[in-house]
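As structure tokens, the structure follows; a few thoughts come after it.
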Amino acid sequence: MLIRRASDHLPASEITDERLYLDRRAFLGRAAGIGLAAAAGIGGAGNLLACAVGGDDGRGEDGSAEGRTTIADEPTSYDKITTYNNFYEFGTDKGDPSDPDNTRAFRPRPWSVAVEGLVGKPATYALEDFIKPSKLEERIYRMRCVEGWSMVIPWLGFPLADVIRRAEPLASARYVEFTTLYDPKQMPGQRRNVLDWPYKEGLRLDEAMHPLTILSTGIYGKALLPPNGAPLRLVVPWKYGFKGIKSIVRIRLTDAQPRTAWNDAAPNEYGFYSNVNPNVDHPRWSQAKERRIGEFRKRPTLIFNGYGDQVARLYAGMDLRKNF
Ligand SMILES: Nc1nc2c(c(=O)[nH]1)N[C@H]1C(S)=C(S)[C@@H](COP(=O)(O)O)O[C@H]1N2
Ligand SMILES: [Mo]
């Protein structure tokens, strides 16, 4: 496996705040993984990177190759990732979420997360307890915003499937709904009706259980900053960026398709699935190309953002124009 751990490439001093709430075992690199990473030329964050995700051998839990992906893209700089953001709770401009004037009142700790709905073991967890049973791993994912820009982000995170399994889903559960904190005192953007707050997102249960789907707590081995969704956000690399809901306080299993913030706001423009698809235009612009932040040229957008080998089977037989 080519999963890198924070400890493989960052000095311990830079991950101190992550360690505050994580079991130290999560940071002990496994010798095999480090060896493979070295063999693949993975070094400092500025190097060309190849990254496999999934089980130890780069395979999904069912033994298939679907937990695996390889990319050879330069990660976007930490500076760009943390200053070019969409997070309407802190303002609608790209620079608003990293402006301290907008995040000053936000308190990402202490934090708690409720897991509820159609589960055998509903619970509200302190963030530390919520994360502890899982192993944090680095996943370098291409991310694609519906607006036409993209980034490559070294997420620190763990499979959402861990959380769902622990909650013991009932047979009737078919979807997962996620909700962002609602507190206009902490999130000044919520004082304006730009969206129907709180921000909500949803996945089908099989999408949520997919090994590529993670909950992230950090970037480049450092704890998430407010603009990226501190202290916990969703990452689904084959879907447009808005599915990656930030600052999550509730995860609820349901039998009906959840409402989602952007689908509510403009149902003809943002569907429930929101799979990256160069062949289905946004009603107001093409999705065929994208500009990687930090580059000038445009590159072609890939179906499922390039993760089709792993995820296309989830949509077998579905009309992706209707289910956009
Ligand atoms: N709660 C919440 N989550 C959100 C958003 C938001 O406005 N509020 N914006 C989404 C959009 S449109 C994108 S492109 C990604 C951006 O994530 P990043 O800023 O970490 O790159 O966050 C998504 N998650
Ligand atoms: Mo977006």
Side-chain angles (χ1 to χ4, degrees), residues 75-99 102-103 106 108 111 113 139-157 177-184 186-203 213-220 222-251 258-266 269-271 274-276 282 284-285 287 290-294 301 305:
T76 306
S77 73
Y78 187 71
D79 180 57
K80 288 269 176 14
I81 295 171
T82 54
T83 59
Y84 189 90
N85 302 100
N86 273 336
F87 198 171
Y88 278 20
E89 284 83 343
F90 296 117
T92 53
D93 288 344
K94 296 285 177 281
D96 286 341
S98 52
D99 181 340
N102 298 321
T103 56
F106 181 54
W111 193 266
V113 185
R139 308 286 189 94
I140 302 167
Y141 285 162
R142 288 180 296 268
M143 306 303 296
R144 167 65 156 80
C145 178
V146 75
E147 295 165 335
W149 47 272
S150 62
M151 297 192 192
V152 177
I153 302 186
W155 299 106
L156 196 61
E177 178 198 71
F178 305 85
T179 308
T180 294
L181 175 71
Y182 178 69
D183 184 352
Q186 293 191 58
M187 299 178 139
Q190 291 177 336
R191 295 172 208 158
R192 295 167 52 208
N193 290 329
V194 280
L195 286 172
D196 184 13
W197 311 113
Y199 196 103
K200 278 190 164 56
E201 258 307 337
L203 295 172
T213 304
I214 58 170
L215 289 169
S216 172
T217 60
I219 289 172
Y220 275 111
K222 304 181 204 197
L224 285 180
L225 297 176
N228 295 101
L232 183 82
R233 58 89 56 80
L234 179 68
V235 179
V236 193
W238 71 93
K239 293 178 181 280
Y240 291 115
F242 61 88
K243 298 298 280 185
I245 182 172
K246 297 176 171 182
S247 305
I248 296 168
V249 293
R250 188 162 65 244
I251 297 174
R259 292 170 52 195
T260 72
W262 283 103
N263 186 237
D264 279 357
E269 301 191 8
Y270 310 104
S274 304
N275 292 320
V276 174
H282 183 281
R284 291 183 282 139
W285 59 81
Q287 294 290 8
E290 67 197 62
R291 193 176 71 83
R292 189 64 55 79
I293 295 298
T301 286
N305 204 24

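Read the numbers this way: they start at 1 and go in the same order the structure lists the ligands and their atoms.
Between W262 and ligand 1, no pair of N/O atoms sits closer than 3.5 Å. Between N228 and ligand 1, at least one pair of N/O atoms sits closer than 3.5 Å.
Using a 4.0 angstrom heavy-atom cutoff, G244 counts as in contact with ligand 1. In this structure, K243 has no heavy atom closer than 4.0 Å to ligand 1.
Ring pair W149/Y84: centre-to-centre distance below 6.0 Å.
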Full working for side chain to side chain donor-acceptor pair (under 3.5 Å) between R292 and S150: CA-CA 5 Å; R292 189 64 55 79; S150 62; 3.0 Å; yes
Worked check of side chain to side chain donor-acceptor pair (under 3.5 Å) between N85 and K94: CA-CA 5 Å; N85 302 100; K94 296 285 177 281; over 6 Å; no
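Of the listed options K246, M151, E89, K80, E89 places a heavy atom closest to atom 8 (N) of ligand 1.
The pair E290-R142 does not count as a salt bridge, with every side-chain nitrogen at least 4.0 angstrom from each carboxylate oxygen. Using a cut-off of 4.0 Å between Lys/Arg side-chain N and Asp/Glu carboxylate O, R259 and D196 are scored as salt-bridged.
Checked options S216, P154, P237, P75; the residue passing with Y141 is P237 (criterion: side chain to side chain contact (heavy atoms under 4.5 Å, CB included)).
Atom 6 (C) of ligand 1 has Y199 CE1, 3.2 Å as its closest protein atom, hydrogens excluded (heavy atom only). Taking atom 11 (C) of ligand 1 as the reference point, the nearest protein heavy-atom neighbour is F242 CA, 3.5 Å. When hydrogens are left out, the protein atom nearest atom 9 (N) of ligand 1 is N86 O, 3.2 Å; that is the closest non-hydrogen contact. Counting protein heavy atoms only, atom 15 (C) of ligand 1 is closest to G241 O, 3.4 Å. In this structure, atom 7 (O) of ligand 1 lies nearest to the protein heavy atom Y88 N, 2.8 Å.
A perpendicular orientation is assigned to the rings of F87 and F90, their planes being inclined by more than 60° (bins at 30° and 60°).
For ligand 1, the atoms closer than 4.0 angstrom to any heavy atom of T180 are 1 (N). Close approach to C145 involves these atoms of ligand 1, each under 4.0 Å from a residue heavy atom: 14 (S).
Residue R192 places its CZ atom among 12 or fewer non-hydrogen atoms of other residues, nucleotides or ligands, all under 6.0 Å distant.
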